[in-house]
Number of protein chains: 2
Amino acid sequence: MMARPLSSSPQKPRPTIQDVAKEAGVSTGTVSRVLNNRAGVKAQTRARVQAAIIHLNYQPDLAARELSFRQPTRIGLSIAAGSRRLTPFFTLFLEYLMGELQAEGFRFEEVQSDSQGLPTELTDGMVLFGAHDDDPRIHYLQEHNIPFVLVGHGEGIRWVVPDDYDGGRQAVEHLLRLGHRDIVHLSGLMNNQAFQDRYQGHLAALNNAGIKPHPELLLDGDFSSLGGYRAVRKALEDGLNFSAVFAASDEMAIGAIAALEDLGLRVPLDISVVGFDDLPEIGETLTTIRQDIEQITAVAVDLLKEGLSGKPIRHETVPVQLIVRGTTAKRR
Amino acid sequence: MMARPLSSSPQKPRPTIQDVAKEAGVSTGTVSRVLNNRAGVKAQTRARVQAAIIHLNYQPDLAARELSFRQPTRIGLSIAAGSRRLTPFFTLFLEYLMGELQAEGFRFEEVQSDSQGLPTELTDGMVLFGAHDDDPRIHYLQEHNIPFVLVGHGEGIRWVVPDDYDGGRQAVEHLLRLGHRDIVHLSGLMNNQAFQDRYQGHLAALNNAGIKPHPELLLDGDFSSLGGYRAVRKALEDGLNFSAVFAASDEMAIGAIAALEDLGLRVPLDISVVGFDDLPEIGETLTTIRQDIEQITAVAVDLLKEGLSGKPIRHETVPVQLIVRGTTAKRR
DNA sequence: CACCTTTTTGTAAGCGGTTACAAAACTTGA
DNA sequence: TCAAGTTTTGTAACCGCTTACAAAAAGGTG
């Protein structure tokens with residue numbers, strides 16, 4: 001045994017396109033064409049090159065590739081001051097966005113969350129999270145002619161949102177089909193467009209069924225599991241009459257269920273609960289409205305690419321989907 | 001008004017080092033030296049170049065730079081299956097880690113969270129989050145000679161952790177100084193090293209003060225605000241006797257405070273509460289133990305760089321700090 | 001089979017930086 | 001004032017890949 005501590009060997013030079021070319025007995029140009037799936041390579045040659053690639057365990061150098069392609073590649077993410085970003089939703093959004101940008105060969109430059117929110121580094125494009133319509137960042141980006149996409153609603157800009165309104169409608173229609181009439185809406189103070197839309201969808205479903213909404217069924221769950229718990233518990237203790245809860249987030253739904261069970265009610269036997277988001281680790285047992293966060297980020301990246309290539313401005317609404325699981329049942 | 005929708009101009013070529021050189025009347029080599037703060041440039045020349053850089057709003061092309069430096073640059077993050085990653089802590093960790101890696105010129109390759117957890121793409125280095133000592137990923141990385149750093153404890157590998165033990169000790173010593181003797185420890189099922197260490201620190205502080213720990217003061221708060229709320233509320237309703245709560249996370253502390261206040265107790269007049277983490281948006285009013293997440297990520301990146309250059313294996317413990325705010329007071 | 005087209009492959013010039021080396025410009029001391 | 005030494009600057013090769021263009025090979029046709 002040596003006294004010296006273990007240390008890994010410092011360098012192991014990666015194979016380059018040259019090595020692959022030599023191994024396959026072709027030129028670098030041909031290898032490059034194979035790598036990029038370009039037409040005009042004989043099938044036989046292509047196979048030989050691919051074999052060499054696998055044999056050498058070749059991975060193209062991203063920097064060199066990026067340099068050759070010379071396309072804009074720096075994308076920034078800017079988060080509005082005050083938007084709740086320490087949430088499961090945002091974490092997933094961030095992860096998927098990173099993945100999408102990476103897959104498209106972009107460089108995800110920085111998460112900016114300073115109070116100003118204005119880009120400090122120059123980027124080729126921006127994703128805006130949680131911005132208002134007259135956000136100073138929007139003006140800044142427009143002035144500097146930097147393409148961007150807003151996750152949220154906007155006027156005359158590129159944006160993408162999940163269909164919150166439709167989600168609210170679907171959730172409540174599901175409960176109505178099960179015979180429920182007195183449906184609590186558990187949300188937060190309505191300063192957020194998404195939560196407002198979910199509530200509007202809720203109201204629309206009631207309206208379509210000819211049911212008048214009851215104002216005291218709108219509860220403030222503070223967007224958190226704790227808030228959901230306290231709101232529902234208080235409502236029960238105050239004797240509020242309802243047979244179902246539509247929580248505008250999975251977290252609030254979890255809290256609602258805990259409160260119901262703590263007070264001896266069974267879900268879904270006595271009370272049905274619907275959530276919103278379908279978050280992994282959290283809402284996996286809930287009847288809920290699924291937001292496809294991956295798709296939202298994919299659309300965001302698409303829109304951004306359109307902006308980068310000067311295409312016309314466009315926006316998109318990503319559909320949501322009711323997932324029926326074990327927390328809803330026929331009204332007793 | 002044109003009917004055609006607005007569209008931004010597709011391209012605006014960035015200035016290159018050549019442009020800067022011409023503008024400043026020097027060669028590209030000199031500009032490069034200025035950019036990288038190399039010695040051997042006359043102060044006057046340096047100033048002229050810097051002026052040109054600012055004037056042209058020049059930003060070096062990262063791809064070109066990376067290609068020239070030819071250093072390993074792809075860093076992956078791997079998250080153990082089953083570790084709770086949709087938490088504020090993890091989100092902040094991710095953001096800081098991205099920032100650090102970026103600042104050091106690395107490329108943050110991917111967030112892996114598949115059940116296997118093994119790297120699917122080749123990376124030059126890895127950050128492991130929430131791995132156990134005999135994690136298959138560790139063996140894999142060692143076999144393939146890929147440098148990595150674990151956020152957590154390990155044997156014979158590079159790792160970094162915050163000083164959880166010391167944090168627990170500091171929190172409880174603070175409460176002891178205020179005269180508290182019956183201190184609830186609010187945590188989760190102890191499957192997590194960090195939470196175990198915090199509890200061990202708690203016990204050590206008691207022990208140093210000659211106080212015997214009381215087993216029923218250890219409460220399961222499920223690592224969440226809701227769990228903290230329910231645990232503390234139940235304890236109060238069961239008549240548990242205590243004058244202070246040490247919650248092993250800010251979220252549980254928030255829950256604990258809500259429960260206390262719902263049952264008519266005042267914080268800190270009647271009961272003192274200490275949290276752990278000092279999370280923005282969440283723990284900002286708490287007396288808490290501050291974890292410097294930014295520093296943790298910075299150390300992780302340092303260790304990784306050492307691994308990349310073949311330096312000996314080393315680990316580091318990042319200190320934590322008691323922040324006294326408004327939720328603790330002398331025992332009445 | 002000679003000739004023309006089409007397909008496949010090779011060659012070499014970039015992409016935008018860094019840096020080893022050489023050249024030029026200053027210092028210094030006798 | 002000039003040679004030798006030192007500092008500053010310029011030149012050009014190179015990093016690994018893409019791609020326009022040219023060359024070679026293959027395929028068709030009368």
Side-chain angles (χ1 to χ4, degrees), chain A residues 11-53 56-74 104-107 109 121-122 124 308, chain B residues 11-53 56-74 104-107 122 124 308:
Chain A
Q11 302 291 14
K12 34 151 193 187
R14 290 179 176 286
T16 73
I17 205 173
Q18 309 268 2
D19 301 321
V20 176
K22 201 176 301 169
E23 169 94 8
V26 298
S27 71
T28 61
T30 301
V31 175
S32 177
R33 281 182 281 261
V34 171
L35 281 173
N36 296 287
N37 269 316
R38 300 244 182 291
V41 180
K42 226 200 305 190
Q44 184 187 338
T45 314
R46 186 180 295 272
R48 205 140 37 87
V49 171
Q50 280 164 338
I53 287 173
L56 296 177
N57 192 14
Y58 168 75
Q59 291 256 144
D61 181 295
L62 295 174
R65 173 176 277 226
E66 201 174 309
L67 183 58
S68 286
F69 278 139
R70 52 182 165 301
Q71 291 170 353
T73 54
R74 296 160 73 140
E104 298 284 338
F106 289 105
R107 218 178 251 270
E109 275 296 305
E121 297 268 330
L122 282 187
D124 301 305
L308 254 9
Chain B
Q11 302 291 17
K12 36 153 191 182
R14 289 178 176 285
T16 73
I17 205 172
Q18 309 268 1
D19 301 321
V20 175
K22 202 177 297 170
E23 170 92 7
V26 298
S27 71
T28 61
T30 301
V31 175
S32 177
R33 280 181 280 262
V34 171
L35 281 172
N36 295 286
N37 270 316
R38 301 243 183 294
V41 181
K42 226 201 302 189
Q44 185 186 335
T45 315
R46 183 180 295 271
R48 204 141 36 89
V49 171
Q50 278 162 342
I53 287 172
L56 295 177
N57 192 16
Y58 166 77
Q59 292 254 145
D61 182 294
L62 295 175
R65 176 176 275 226
E66 201 173 310
L67 184 58
S68 286
F69 278 141
R70 52 178 165 299
Q71 292 171 351
T73 54
R74 298 160 72 141
E104 299 284 338
F106 289 106
R107 217 178 251 273
L122 282 187
D124 301 304
L308 254 8

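Letters A, B, ... mirror the listed sequences (proteins, then strands); counts begin at 1. Here the structure is a predicted model, which means the values were calculated and not measured.
- As rounded to whole Å, 15 Å separates atom P of C:dG16 from atom CZ of A:F69.
- When the nucleotides D:dT19, D:dT18, C:dG17 are ranked by their closest atom to the side chain of A:R38, D:dT19 comes out on top.
- One atom, CZ of B:R48, and another, P of D:dT9, lie 8 Å apart when rounded to the nearest Å.
- Residue A:K42 holds its NZ atom at 11.0 Å from OG1 of A:T30, rounded to the nearest 0.5 Å.
- Side-chain N/O atoms of A:S27 include one lying less than 4.0 angstrom from OP1 or OP2 on C:dG10.
- Atom CG in A:D19 sits about 14 Å away from atom C1' in D:dC15, given to the nearest Å.
- At the phosphate of D:dG10, OP1 or OP2 sits under 4.0 Å from a side-chain N or O atom of B:T30.
- You'll find a donor-acceptor pair under 3.5 Å spanning the side chain of A:R33 and the base of C:dG10, going by distance alone.
- B:L35 has its CG atom 14 Å from the C1' atom of C:dT19, to the nearest Å.
- One finds the OG1 atom of A:T45 at 11.0 Å from the CD atom of A:Q50 (value rounded to the nearest 0.5 Å).
- Taking atom CD on A:Q18 and atom P on D:dC17, their separation rounds to 8 Å, with Å as the unit.
- Closest to the side chain of A:T28, out of D:dT18, D:dC15, D:dC17, is D:dT18.
- Atom pair B:E66:CD and D:dC15:P shows a separation of 16 Å (rounding to whole Å applied).
- Residue order along DNA chain C, read from the 5' end via each residue's closest nucleotide, puts B:R65 first among B:K42 and B:R65.
- The side chain of B:S68 lies closest to D:dC15, out of D:dC15, C:dA20, D:dC17.
- Here the straight-line distance linking atom CD of A:Q18 with atom OG of A:S27 works out to 10.0 Å at 0.5 Å rounding.
- Atoms CG (A:L62) and P (C:dG17) sit 19 Å apart, rounded to a whole Å.
- Between B:L67 and B:G40, it is B:G40 whose nearest contact on DNA chain D lies nearer the 5' terminus.
- Residue-level contact check: B:S32 touches the bases, meaning some heavy atom is under 4.0 Å from a base atom.
- Listed candidates were C:dT9, D:dT9, D:dC15. Nearest to the side chain of B:R70 is D:dC15.
- The CG-C1' distance, from B:L56 to C:dG16, rounds to 15 Å in whole Å.
- Checked for salt-bridge contact, B:R107 and A:E66 meet the test: a charged N lies under 4.0 Å from a carboxylate O.
- Counting only heavy atoms from C-beta on, A:T45 has its side chain closest to C:dT9 among D:dC17, D:dT8, C:dT9.
- Between A:D124 and B:R14 there is a salt bridge, since a side-chain N of the basic residue sits under 4.0 Å from a carboxylate O of the acidic one.
- Note on A:V26: only backbone sugar-phosphate atoms sit closer than 4.0 angstrom, heavy atoms only; bases stay farther off.
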